[in-house]
Colleague: 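Before anything else, here's the structure in question.
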There are 2 protein chains.
Amino acid sequence: MTDEPRSNRRPSMSDVARLAGVSQTTVSFILNDTPGNSIPPETRERVLAAVHELGYRPNISARNLRTQSTNLIGYGFDDPAGVASHPVLDQFLYSAILSLEATGYHLLTFVAGTRTDTAVYEDLYRRGQVSGFLVANTNDNDPRIAYLIDRGIPFASFGRANDEWRFAWVDVDGGDGIAQVVAHLVAGGHKRIGLITWPEGSKAGSHRESGYAAGLRAAGIEPDPAWLFRGENSIQTGVAGLSHWLTLPAERRPTAVACVSDIIAVGVMNAAAAAGLQVGRDLAVTGYDDSSLAQFLHPPLTSVRQPIAEVGRRLVELLLGQIRGEPADATGVMLAPKLIIRRSSQI
Amino acid sequence: MTDEPRSNRRPSMSDVARLAGVSQTTVSFILNDTPGNSIPPETRERVLAAVHELGYRPNISARNLRTQSTNLIGYGFDDPAGVASHPVLDQFLYSAILSLEATGYHLLTFVAGTRTDTAVYEDLYRRGQVSGFLVANTNDNDPRIAYLIDRGIPFASFGRANDEWRFAWVDVDGGDGIAQVVAHLVAGGHKRIGLITWPEGSKAGSHRESGYAAGLRAAGIEPDPAWLFRGENSIQTGVAGLSHWLTLPAERRPTAVACVSDIIAVGVMNAAAAAGLQVGRDLAVTGYDDSSLAQFLHPPLTSVRQPIAEVGRRLVELLLGQIRGEPADATGVMLAPKLIIRRSSQI
DNA sequence: TGGTATTAGTAATTCGTATTAGTAGTGTAA
DNA sequence: TTACACTACTAATACGAATTACTAATACCA
């Protein structure tokens, strides 16, 4: 009822309108470039000047309420304790955030608790807090993905889950990555190549194992189950893997060890040094992820680099496309990794 | 005007009210336990049944708009590329998220761009998207903190910034942590103890350097500037530090090396092995952070464990207190770290 | 000159929730 | 029997922005 701008409060659109001598509607038209309205330049400038003077920023809650939308995407976070840190996930997060922010979205990071607990996802979505989800670290038949598909909630996943399900995913071809490693090692003269991989059930792990087997067969070598070692993603697993093989007689022992992560490879290199083996001469070792430590190890570690930044970008594209209601024709995107050869795998 | 529930839309409070045969006001009273209202048990149950049947969830935007509040806290993310990953920050984030979620808040993770760019903070706050911020990885005279203090925006920081400024922080006493390390090494007979630390300007680094000097003086040893080596937080820095000291004549060379992070210590251990030195016998090495890799290195690494989970909890307490408008009497909270002794520092 | 288009706006309504101000009906004490 | 308190609600409004449905004034055309 009064013409006084309410003080001691963030300015609203009406305050801007009052200062510029126009209606709130006009301010909205100008700020949103709403099509089909004619605003002469003088008015536009007057309003923009008022916006500037008051330091006006549109209120997000009001906008979201009115447009029945959200500027948030959810991402479920895992407990980082215990497992070694995930440089790949950190990088992925970073690139996803960058892409989201370029389009006015933000990332809401929440704790996913147990993997099977989908209640948080439901709650965030039903309350209108987020418009969709990014999912990473997928497993075979991942319950989160089953749930999101079932409810028709927009999401995009870094990694595949089940070949029968149709949904938006982006993945780096891990089979191809390890196949490149194997080809490289074979070319270096190795015939007995070990693989240290994760426990069964990991989707990424099973793809890499297939690539390993395929790579060996392509070179005319029949994979030996004794060359496969499994464990959590830790330095310790690498230590345990190599220690185990060192108990074999020399003529049956792998001369090269491929690992599904750099952190495991660090364990192998440690154990090799402890056993008096010189990595790059007595034993070839390769990692995966090309994390920042790979180039600083002694010797520098051959590794497989994934185009993580592109994964983030493409995932955000897929997700925002769904949210905008665009038909999702291409549901999966497969990207190629690149082998980075360093001294740890030279002979 | 119609009594039909609008279909194809998330149910609103009015839909619940209609189904239960009460007014929207009554539903609100029941769901929020608004004091000063008398609701008989039958009505309450009827309404709760309707809530359940419709799967109703209150709309967050509407609630935030009405209450002029937010259920989000912002956290600025750094580019993880280049620098080795920060297990401490990952853990800190995790514990902060847990504490926030226990009180109905969520974490909005954004990219902070350059450290001096405070525009993102301003924007998120002024638009009413977040109620405050968590800040980590502070520097001397940190511009983010200066800005947040200046604007009176609620925040709490993991780490101190400038002794003159008064604001809410939680820190782990890094000086004490390194002093414990030095005392342990001195007790083991070491007289020449090197320190590998970060470049000047890091607040955490300067505290640890003071603790190092104080620890030596407490043992009657005058610190020698030649025993200090600086570099980024990477394996490479550890390698460079030890390599540098190995060029000194044996009688001036440190016999023990304390590092301000485990990742640097990994570099020192690598370089030691390459130089034929056996860590734990020829050279004592200590790390900091007690990250998950410390116990799996060869030999296991003596390190300093920070109560990270408690840091997250306390920070969230301080921050939410400010947001609720409680007077902040105790502005800083200092927590004590704990030395974890393993074989890398035995003689 | 009258009718239609166009320009430059404005008033009113909506999104979903919380809250303030009320009201009808019953019980009860004076 | 009336005044008053209490119970069990409801109507109306506000939060801030977007949008639909108008209007007054001018320009244009036949």
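The structure presented is a predicted model; accordingly, all values stated were derived computationally and were not measured. Residue numbers start from 1 in every chain, and the chains themselves are labelled A, B, ... in the order their sequence lines are given, proteins ahead of strands.
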Colleague: Name the nucleic acid region contacted by B:N32, choosing base, sugar-phosphate or nothing; use a 4.0 angstrom heavy-atom cut-off, strictly under.
Modeller: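 If one applies the 4.0 Å heavy-atom cut-off, B:N32 turns out to touch the sugar-phosphate alone, with no base involved.
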
Colleague: What is the distance, rounded to the nearest whole Å, between atom CG of B:N64 and atom C1' of D:dC15?
Modeller: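 That distance rounds to 11 Å.
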
Colleague: What integer distance in Å separates B:R126:CZ from D:dG16:C1'?
Modeller: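 Result: 15 Å.
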
Colleague: Assess whether one donor atom and one acceptor atom, taken from the side chain of B:T67 and the base of C:dT17, lie less than 3.5 Å apart.
Modeller: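 Donor-acceptor pair under 3.5 Å: no.
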
Colleague: Calculate the interatomic distance between A:I39 atom CD1 and C:dT6 atom P; express it in whole Å.
Modeller: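 In whole Å, C:dT6 P and A:I39 CD1 are 17 Å from each other.
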
Colleague: Calculate the interatomic distance between B:D15 atom CG and C:dT17 atom C1'; express it in whole Å.
Modeller: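 Going from CG in B:D15 over to C1' in C:dT17 covers 13 Å.
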
Colleague: Describe, as an angle rounded to 10 degrees, how the axis at the first end of the helix from C:dT1-D:dA30 to C:dA30-D:dT1 is tilted relative to the axis at the last end, five pairs per end.
Modeller: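 About 60°, once rounded to a multiple of 10°.
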
Colleague: D:dG16 phosphate, OP1 or OP2: any side-chain N/O from A:S14 under 4.0 angstrom?
Modeller: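 False: A:S14 side-chain N/O out of range (4.0 Å or more) of D:dG16 OP1/OP2.
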
Colleague: Considering only D:dG16, D:dT19, C:dT7, which nucleotide approaches the side chain of A:S38 most closely?
Modeller: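 Between D:dG16, D:dT19, C:dT7, the one nearest the side chain of A:S38 would be C:dT7.
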
Colleague: Is the backbone N or O of B:A62 less than 3.5 Å from a side-chain atom of B:N59, with the two atoms forming a donor-acceptor pair by type?
Modeller: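 Answer holds: yes.
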
Colleague: What about A:T43, does its side chain sit under 3.5 Å from the base of C:dA8 through a donor-acceptor pair?
Modeller: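 Donor-acceptor pair under 3.5 Å: no.
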
Colleague: Considering only side-chain heavy atoms of A:R63, which listed nucleotide, D:dT10, D:dA17, D:dG16, is closest?
Modeller: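 Among D:dT10, D:dA17, D:dG16, the one nearest the side chain of A:R63 is D:dA17.
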
Colleague: Quick one, A:W169 with A:L318, criterion side chain to side chain contact (heavy atoms under 4.5 Å, CB included). Give me CA distance, side-chain angles, the key distance, then yes/no.
Modeller: CA-CA 8 Å; A:W169 53 262; A:L318 287 179; over 6 Å; no

Colleague: Report yes if the distance between the aromatic ring centroids of A:Y75 and A:F110 is under 6.0 Å, otherwise no.
Modeller: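 Ring centres of A:F110 and A:Y75 not closer than 6.0 Å.
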
Colleague: What integer distance in Å separates B:I60:CD1 from C:dG16:P?
Modeller: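 In whole Å, C:dG16 P lies 14 Å from B:I60 CD1.
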
Colleague: Using whole Å, report how far CD of A:Q129 lies from P of C:dG16.
Modeller: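 Distance check: A:Q129 CD to C:dG16 P gives 16 Å.
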
Colleague: Please confirm whether the backbone N or O of B:S12 pairs with a side-chain atom of B:D15, one donor and one acceptor, at under 3.5 Å?
Modeller: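 The answer is yes, because a donor-acceptor pair under 3.5 Å joins these two groups.
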
Colleague: Is B:N59 close enough to C:dT17 that one of its side-chain N or O atoms is under 4.0 Å from OP1 or OP2 there?
Modeller: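 B:N59 to C:dT17 OP1/OP2: no side-chain N or O under 4.0 Å.
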
Colleague: In whole angstrom, give the distance that lies between atom CZ of B:R127 and atom P of D:dA17.
Modeller: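 It is 10 Å, rounded to the nearest whole Å.
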
Colleague: Between the side chains of A:T25 and A:S28, is a donor N or O closer than 3.5 angstrom to an acceptor N or O?
Modeller: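 Distance-only check fails for A:T25 and A:S28.
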
Colleague: Is any side-chain heavy atom of A:I73 closer than 4.5 Å to a side-chain heavy atom of A:F133?
Modeller: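 Sidechains of A:F133 and A:I73: no contact.
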
Colleague: Are any of A:S28's side-chain N or O atoms less than 4.0 Å away from OP1 or OP2 of D:dA18?
Modeller: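 So the side chain of A:S28 is within the cut-off, an N or O lying under 4.0 Å from OP1 or OP2 of D:dA18.
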
Colleague: Can you check whether A:S23 has a side-chain N or O nearer than 4.0 Å to OP1 or OP2 of C:dA11?
Modeller: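 No, no such contact exists.
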
Colleague: Please confirm whether B:Y147 and B:Y121 have ring centers closer than 6.0 angstrom.
Modeller: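 No: the rings miss the under 6.0 Å criterion.
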
Colleague: Taking B:N162 as the fixed residue, which of B:N141, B:T138, B:D140 is the one that meets the side-chain hydrogen bond (donor to acceptor under 3.5 Å, both in side chains) rule?
Modeller: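 Single pass found, and it is B:N141.
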
Colleague: Remember a base hit wins even if backbone is also touched, and classify A:V27 as base, sugar-phosphate or nothing at under 4.0 Å, heavy atoms.
Modeller: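 A:V27: no heavy atom of the nucleic acid under 4.0 Å.
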
Colleague: Mark yes or no for a side-chain to base donor-acceptor pair under 3.5 Å between B:Q68 and C:dA18, with no hydrogen or angle criteria applied.
Modeller: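 Donor-acceptor pair under 3.5 Å: no.
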
Colleague: What is the distance, to the nearest angstrom, from the CE atom on B:M13 to the P atom on C:dT19?
Modeller: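 Those two atoms, CE and P, are 10 Å apart.
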
Colleague: Return the nearest nucleotide to the side chain of B:T25; candidates are C:dC15, C:dT19, D:dT20.
Modeller: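 Comparing C:dC15, C:dT19, D:dT20 against the side chain of B:T25, the answer is C:dT19.
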
Colleague: With nearest nucleotides of DNA chain C determined for A:R46 and B:A62 from heavy-atom distances, which residue corresponds to the more 5′ nucleotide?
Modeller: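 Counting from the 5' end, the first nearest nucleotide belongs to A:R46.
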
Colleague: Report yes or no: is there a donor-acceptor pair, N or O only, under 3.5 Å between the side chain of B:R66 and the base of C:dA18?
Modeller: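 It does, because a donor-acceptor pair links the side chain of B:R66 to the base of C:dA18 below 3.5 Å.
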
Colleague: Is B:R9 close enough to C:dG16 that one of its side-chain N or O atoms is under 4.0 Å from OP1 or OP2 there?
Modeller: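 Yes, within the criterion.
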
Colleague: Hey, which of these two, B:L65 or B:V22, hits DNA chain D nearer its 5' end, going by closest nucleotide?
Modeller: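 Nearest-nucleotide comparison on DNA chain D picks B:V22.
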
Colleague: When you get a sec, tell me which of D:dA17, C:dT17, D:dC9 is the closest nucleotide to the side chain of B:Q24?
Modeller: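 Nearest to the side-chain atoms of B:Q24, counting from C-beta on, is C:dT17.
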
Colleague: With sequence neighbours excluded, what pairs up with B:D33 under the salt bridge (charged side-chain N to carboxylate O under 4.0 Å, His left out) test?
Modeller: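 For B:D33 the salt bridge (charged side-chain N to carboxylate O under 4.0 Å, His left out) partners, ignoring immediate neighbours, are B:R44.
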
